[in-house]
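Let me begin by presenting the structure, written as structure tokens, before commenting on it.
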Amino acid sequence: MSSSPLTATPTPLLPAKPKGPLLPHLPHCTSLRALAQLHAAAVKSGLGAHPALVTRLLTLCTKQGAAPAHLAYARQVFDRIPSPGDVVWYNTLLRGYARSSDGAAEAARVLARMLEEGVAPDTYTFVSLLKACAAARAGEEGRQAHGVAVKTGAADHEYVLPTLINMYAECGDARSARAMFGRVPNGDCVVSYNAMITAAVRSSRPGEALVLFREMQAKGLKPTSVTVTSVLSACALLGALELGRWIHEYVRKAGLDSLVKVNTALIDMYGKCGSLEDAIDVFQGMESRDRQAWSVMIVAYANHSYGREAISLFEEMKKQGIRPDAVTFLGVLYACSHSGMVSEGLQYFDSMREYGIVPGIKHYGCVTDLLARSGQLEKAYKFIDELPIQPTAILWRTLLSACGSHGAVDLGKRVFERILELDDTHGSDYVIFSNLCANTGKWEEMNRVRKLMNEKGVVKVPGCSSIEIDNRVHEFFAGDGRHPQSQDARRMVDQVIEQLKLVGYVPNTSQVFHVEMGEEEKATSLRYHSEKLAISFGLLNTSPGTTLRVVKNLRVCPDCHSMAKLVSMLFNRRIILRDLNRFHHFEDGVCSCGDYW
DNA sequence: GTAGGGTTAG
């Protein structure tokens, strides 16, 4: 610091009439204090509003990653100028607001001042202004900015239109976004398509994203790296492995396979679509990897129940000097909780502090899961109860589900009541608790819960599983016969169950209970759970040694899990079973999750 | 200067 020219008296450093590359040391100075010093000196020598200095100051204060304090300082500098006449100054300041998440109101004030001063906004002005509105989800400011853009004729500019689309989409106004998209001449603008596709993915409408993607291809528009990353996200949401592979092929042909973001999206897609091998291949083939690339691979291992591998990757990442962030730690904690690595998980949780990461609700959720799954149920209850932040129903739900698998009906009742205080609309809470009652013989309590469930009109979603054989996807719903070969599949389930019984398989207790209660329909739907139908159908149509990839979009029940284990051994198949967003790999009677799930 | 990758539980 003592050798820095900034600590010397700054005044002589300022030439009377700065021109050309002003103050050679200025671009290197990033501390607010040093900047303030320079500006004060400039003001003193009457150069406070010198264009080159102001531009330089504003640029430094509003650059990527600038602290909010820098941005506030930029505003101060700007306000000191008696009558700013150069549109570039406004634009530079606005660029700063575009990069912050709460600068929409300030940005709108800057536009107002421009108009007051009679400075005409240009296309750059609107791009930054609209970006600021999008980042802050400020639809009202965005609409006003749009109005001004229309008046000045900037609204249909090739850079402004995609920004408008994005702004409306981010602010939740899909109709206006569509309307802006409709203004694109012939609809042949890749960036506008990208904005629309991205918006669809971000609001969880992956199907819509794919429709747009096909439409742009039909028009002969060439997908860019941005297009493929968004479309890969859509594939990940849908579990569309084949389309994902097709995009991967395109990525290779188009030479986009060296881009870190594209590869990260590929790893994520493969991980979420159930092909861990392909995810690993992409990761290993990368020339360089950033924090997100490492994180996404760790999350993929964790989601496939390969906890040890996730952890060793995390250690390798740190060794290579990449700093983990909040998401990386989520992957690590998740990995620990699914491999029964309780003490390691708690240690990693504590180590977050060393990286200056404040745990969020999701991290607390992982720790709850870690404690609860391993049977430390009271400890988990206390943990949630004493959180520094307000727990959500999700947190209690995690504990309730562990109470279910540990048969802890008394604690389960307390937890169930905590959940109802926060959210009484979630069907699975009633199901888990009533099953817990059934399994522990608390029939009266169980009937009470069922009645409550009917009173609340809780919606039950039928379980659905699909399996792909020879490029055809077969869909099965719990207990029903809508698949043309569902009768074959059912017969196969019965056969499989009979064979499994010989090696110690016991059908679950609630199924037995329903039969005893004369509730045939419920018993049937349990006997023919969608994943059982899909697995059995897979057995009918493949030969030993093949891999069955079964996608279930709801939770897999313990019964089906133990069935899949035995099937993998008895019928010599590898089974990859999707369980919500996780995957279980069954081989030779063993599951990758080690039954920690 | 436009658009893009990773986020608990059930």
Side-chain angles (χ1 to χ4, degrees), chain A residues 88 91-92 94-95 98 122-131 134 157-167 169-170 189-199 201-202 223-233 236 256 259-269 271-272 289-300 302-303 324-331 333-334 337-338 359-370 372-373 391-402 404 419 423 426-429 431-432 461 554-557 579-582 597:
Chain A
V88 174
N91 290 348
T92 311
L94 284 171
R95 200 152 56 238
D122 62 11
T123 55
Y124 287 71
T125 313
F126 290 111
V127 165
S128 294
L129 182 58
L130 293 167
K131 270 186 92 145
H157 181 264
E158 67 159 314
Y159 280 17
V160 177
L161 255 186
T163 319
L164 272 168
I165 294 172
N166 187 51
M167 184 278 292
E170 288 284 298
C189 165
V190 180
V191 179
S192 292
Y193 264 105
N194 290 347
M196 290 295 288
I197 290 172
T198 302
V201 172
R202 271 212 281 255
T224 66
S225 66
V226 176
T227 321
V228 298
T229 45
S230 295
V231 173
L232 285 169
S233 295
L256 301 170
L259 299 174
V260 180
K261 283 186 181 192
V262 171
N263 283 317
T264 306
L266 277 168
I267 296 168
D268 183 49
M269 180 278 293
K272 296 218 172 101
R289 307 175 183 103
D290 63 5
R291 178 165 36 204
Q292 282 194 59
W294 285 92
S295 301
V296 80
M297 193 63 233
I298 289 169
V299 169
N303 284 341
D325 68 2
V327 179
T328 324
F329 271 103
L330 274 180
L333 294 175
Y334 196 24
S337 80
H338 288 109
I361 192 80
K362 296 177 185 176
H363 300 96
Y364 293 128
C366 286
V367 174
T368 305
D369 197 41
L370 200 61
R373 251 179 236 277
T392 58
I394 297 174
L395 240 56
W396 291 114
R397 197 163 287 145
T398 306
L399 180 52
L400 179 63
S401 139
I419 296 177
D423 173 14
H426 219 273
S428 70
D429 298 329
V431 174
I432 292 171
V461 187
L554 291 173
R555 197 84 175 80
V556 169
C557 76
D579 170 32
L580 283 170
N581 291 319
R582 293 217 314 274
W597 64 298

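Numbers restart at 1 for each chain; the letters A, B, ... are given by sequence-line order, proteins then strands.
- Note: CG (A:Asn194) to P (B:dA3) measures 10 Å, nearest angstrom.
- In this structure, the CG atom of A:Leu399 is 19 Å from the P atom of B:dT8, given to the nearest Å.
- Atom CG in A:Asn166 sits roughly 14 Å away from atom C1' in B:dG1 (whole-Å rounding).
- Counting non-hydrogen atoms under 4.0 angstrom, A:Thr368 reaches nothing in the nucleic acid.
- Not one side-chain nitrogen or oxygen of A:Arg582 sits closer than 4.0 Å to the OP1 or OP2 atom of B:dT8.
- For A:Arg397, no side-chain nitrogen or oxygen approaches OP1 or OP2 of B:dT8 to under 4.0 Å.
- Listed by chain and number, the residues in a salt bridge (charged side-chain N to carboxylate O under 4.0 Å, His left out) with A:Lys272 are A:Asp268 (sequence neighbours excluded).
- Using modelled atom types, one finds a donor on one side chain and an acceptor on the other under 3.5 Å when comparing A:Thr227 with A:Thr224.
- Contacts of A:Val160 with the nucleic acid, taken as non-hydrogen atoms under 4.0 Å apart, are absent.
- The phosphate of B:dG1 has neither OP1 nor OP2 within less than 4.0 Å of any side-chain N or O from A:Lys131.
- Using modelled atom types, one side-chain atom of A:Thr92 and one backbone atom of A:Val88 make a donor-acceptor pair closer than 3.5 Å.
- The side chain of A:Arg291 places no N or O atom within less than 4.0 Å of a non-bridging phosphate oxygen (OP1 or OP2) of B:dT7.
- Contacts of A:Ser295 with the nucleic acid, taken as non-hydrogen atoms under 4.0 Å apart, include base atoms.
- A:Ala293 comes within 4.0 angstrom of a base, heavy atoms only.
- A:Ile197 places its CD1 atom 15 Å from the C1' atom of B:dG5, with the value rounded to the nearest Å.
- Between A:Ile165 atom CD1 and B:dT2 atom P there is a gap of 14 Å when expressed in whole angstrom units.
- A:Thr229 comes within 4.0 angstrom of a nucleotide base, judged by non-hydrogen atoms across all strands.
- Within the 4.0 angstrom heavy-atom criterion, no nucleotide atom of any strand lies near A:Arg289.
- In terms of phosphate contacts, A:Lys261 brings no side-chain nitrogen or oxygen within less than 4.0 Å of OP1 or OP2 of B:dA3.
- When A:Leu266, A:Ile267, A:Thr328 are each tested for a side chain to side chain contact (heavy atoms under 4.5 Å, CB included) with A:Val296, only one passes: A:Ile267.
- For A:Tyr193 and B:dT2, the OH to C1' distance is 17 Å, given to the nearest whole Å.
- In this structure, A:Ser225 reaches the bases: a heavy-atom distance under 4.0 Å links it to at least one base atom across the strands shown.
- In this structure, A:Met269 places its CE atom 15 Å from P of B:dG5, rounding to the nearest Å.
- Donor-acceptor pairing under 3.5 Å is lacking for the side chains of A:Asn166 and A:Thr163.
- Using a 4.0 Å heavy-atom distance criterion, A:Ile432 is classed as a sugar-phosphate-only contact.
- Among the atoms of the strands shown, base atoms are found under 4.0 Å from some heavy atom of A:Val226.
- Note on A:Asp429: nothing from the nucleic acid sits closer than 4.0 angstrom, heavy atoms only.
- A:His363 comes within contact range of no nucleotide atom at all, as no heavy-atom separation falls under 4.0 Å.
- Residue A:Asn91 is out of contact with every strand shown, counting any heavy-atom pair closer than 4.0 Å.
- Looking only at side-chain heavy atoms (C-beta outward), A:Val226 and A:Lys261 stay at 4.5 Å or farther from each other.
- Taking atom CH2 on A:Trp294 and atom P on B:dG5, their separation rounds to 22 Å, with Å as the unit.
- Residue A:Ser230 places no side-chain N or O under 4.0 Å from the OP1 or OP2 atom of B:dG4.
- Remark: A:Arg289 pairs with no residue by the salt bridge (charged side-chain N to carboxylate O under 4.0 Å, His left out) rule, at least two apart or across chains.
- Among the atoms of the strands shown, base atoms are found under 4.0 Å from some heavy atom of A:Thr328.
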